[in-house]
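To start, the structure itself, in structure tokens.
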Amino acid sequence: MPELPESDAARRRIADHCLHRTIAGFDLGEVTHVQLPSEAERERLVGTQFSQTRRHGKYIFAGTSDGPWLHIHLGMSGSLRVYDEGETPPDYARLIVIFEGTRRLAFRDPRKFGRVKLIEDVDAFIAAKGLGPDAMKMGDNAFAQAIGSTKTAVKSALLDQSKMAGVGNLWSDEALYRCGIMPDTRGTDLDGKAVAHLHRAVQDIMGHVMAKNADYSQLPADWLIHHRKDGADCPRCGGTITKKKVGGRTAYHCPDHQTHAG
DNA sequence: TGATATGTTTTACT
DNA sequence: CAGTAAAACATATC
């Protein structure tokens, strides 16, 4: 479930359970189209340890103390799982990092849209990707500039990783739902107050999901995430949850309390 | 069986 | 350049 909060929960698993352990080797899943580190790149990591982690938007990085970084993107369906030798390895494991002792880190990816690769410099990588600022660290002015000054649908702007990094389909819907903004409202049609409200909603929602370690069952019952189905009752106003395409993505929303005025 | 899916990238067109 | 749209990637699930 990989947007910014889910990616951060995955990063934290590395930070909490996999640092300062010597890498002994790797296990590869079946040969697939998933982009994984080459044998030479894996060899570079053997004998080293991860000593730090970073995240920018949906991109996760695990750094060796004085060498390359392992970069992980979870794609559409990827996840990370930490376990110990002797436990059942997870399904769809494409790459398993074997640490000395029993600790293991598995990169799972059922739909194979994720990527793992070795990079030398995180900031250079972010710049080369053209990623905007991390959505959780973005200031008011930068957010207002990115969202309020574009004619694009506000939902599409939120999803544009070059405007800001980390917001995906689920949490963009959640933020617009909370703010009462119709997903296809043009950015330029929102007033300053609505843009500021949306900024708070994006950061509050994703911050909350991170605080709950991306466990959706711990999120409030009236959040859209629990009612994301065409025809469901809107828990906030009694309307009917409806879906429509906005910018090529499915936008779940409540047409009764989400309007073009915000 | 067919529709749909949490993401990114590329290509084409306006 | 800004924006839109669609397709492709490979597979699972409803």
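All values reported here derive from a predicted model rather than from experimental measurement. Proteins come first, then strands; the chains are lettered A, B, ... in the order of their sequence lines, and each starts at number 1.
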For this session: Give the rounded distance in Å between these two atoms: CG of A:D184 and P of C:dT4.
Result: 11 Å
For this session: Establish, with yes or no, whether the OP1 or OP2 oxygen of B:dG7 is under 4.0 angstrom from a side-chain nitrogen or oxygen of A:R249.
Result: yes
Problem set entry | Separation of the C1' atoms in C:dT4 and B:dT6, to the nearest angstrom | 23 Å
For this session: Establish, with yes or no, whether the OP1 or OP2 oxygen of B:dA5 is under 4.0 angstrom from a side-chain nitrogen or oxygen of A:T250.
Result: yes
For this session: Write down the distance between CG (A:L219) and P (B:dT6), rounded to a whole number of angstrom.
Result: 17 Å
Exercise. In this structure, which one of A:K244, A:K155, A:R249, A:K245 forms a salt bridge (Lys or Arg N to Asp or Glu O under 4.0 Å) with A:D184?
Worked result: A:K244
For this session: Using only heavy-atom distances, determine whether the side chains of A:H260 and A:D189 contain a donor-acceptor pair under 3.5 Å.
Result: no
For this session: Answer yes or no: is there an ion pair linking A:D230 with A:K243, defined by an N-O contact shorter than 4.0 Å?
Result: no
Exercise. How many Å lie between CD on A:E3 and P on B:dG7, as a whole number?
Worked result: 5 Å
Exercise. Just wondering, more than 12 heavy atoms not from A:D215 lying within 6.0 Å of its CG?
Worked result: yes
Problem set entry | C:dC9 versus B:dT1 - spacing of their C1' atoms, nearest Å | 23 Å
Problem set entry | Side-chain N or O of A:K58 closer than 4.0 Å to phosphate OP1/OP2 of B:dT6 | no
Exercise. Which of the following nucleotides, B:dT9, B:dA5, C:dA12, is nearest to the side chain of A:M76?
Worked result: B:dA5
For this session: Under 4.0 Å between any heavy atoms, over every strand shown, what does A:K129 touch: base, sugar-phosphate, or nothing? Just pick one.
Result: sugar-phosphate
Exercise. For B:dG7, does either OP1 or OP2 sit under 4.0 Å from a side-chain N or O belonging to A:H73?
Worked result: no
For this session: Have a look at A:G248 and say if it touches a base, only the backbone sugar-phosphate, or nothing, with a 4.0 Å heavy-atom cut-off.
Result: nothing
Problem set entry | Separation of B:dT9 P from A:K112 NZ (nearest whole Å) | 20 Å
Problem set entry | OP1 or OP2 of C:dA10 under 4.0 Å from side-chain N/O of A:Y92 | no
Problem set entry | Sugar-phosphate, base or nothing in reach of A:T150, heavy atoms under 4.0 Å | sugar-phosphate
Problem set entry | Minimum heavy-atom distance A:F99-A:I23, with the two atoms named | CE2-CG1, 3.8 Å
For this session: Considering only atom P, compute the distance from B:dA3 to C:dA7 and round it to an integer number of Å.
Result: 14 Å
Exercise. So, for A:G57 and A:S7, which heavy atoms are closest and what is the spacing to 0.1 Å?
Worked result: O-CB, 4.4 Å
Seminar exercise, completed: When rounded to whole Å, the CG to P distance for the pair A:N169 and B:dT8 reads 11 Å
For this session: Measure from CE on A:M164 to C1' on B:dT8 and round the result to the nearest Å.
Result: 18 Å
Problem set entry | Contiguous pairing runs of three or more, Watson-Crick or G-U under 3.5 Å, that involve DNA chain B | B:2-5 with C:11-14, B:7-14 with C:2-9
Exercise. At under 4.0 Å, does any side-chain N or O of A:K245 touch on OP1 or OP2 of B:dA5?
Worked result: yes
For this session: Please state how far atom CG in A:L159 lies from atom C1' in B:dT9, giving the value in whole angstrom units.
Result: 15 Å
Exercise. Would A:E6 and A:Y216 count as having a side-chain donor-acceptor pair, cut-off 3.5 Å?
Worked result: yes
For this session: Please determine, for the side chain of A:H33, which listed nucleotide (B:dT4, C:dA10, B:dT6) has the closest atom?
Result: C:dA10
Seminar exercise, completed: Taken to the nearest whole Å, CD/A:Q145 to P/C:dA2 is 11 Å
Exercise. Do A:H56 and A:F61 have ring centroids that are under 6.0 Å from one another?
Worked result: no
For this session: Ignoring backbone atoms, establish whether A:T152 has a side-chain N or O less than 4.0 Å from OP1 or OP2 of C:dA2.
Result: no
For this session: Just compare B:dT4, C:dT11, B:dT8 and give me whichever is closest to any side-chain atom of A:K243.
Result: B:dT4
Exercise. Under 4.5 Å between any side-chain heavy atoms of A:P89 and A:R104, yes or no?
Worked result: no
Exercise. Within the stacking criterion (centroid distance below 5.5 Å, interplanar angle below 30°), does A:F113 stack on B:dG7?
Worked result: yes
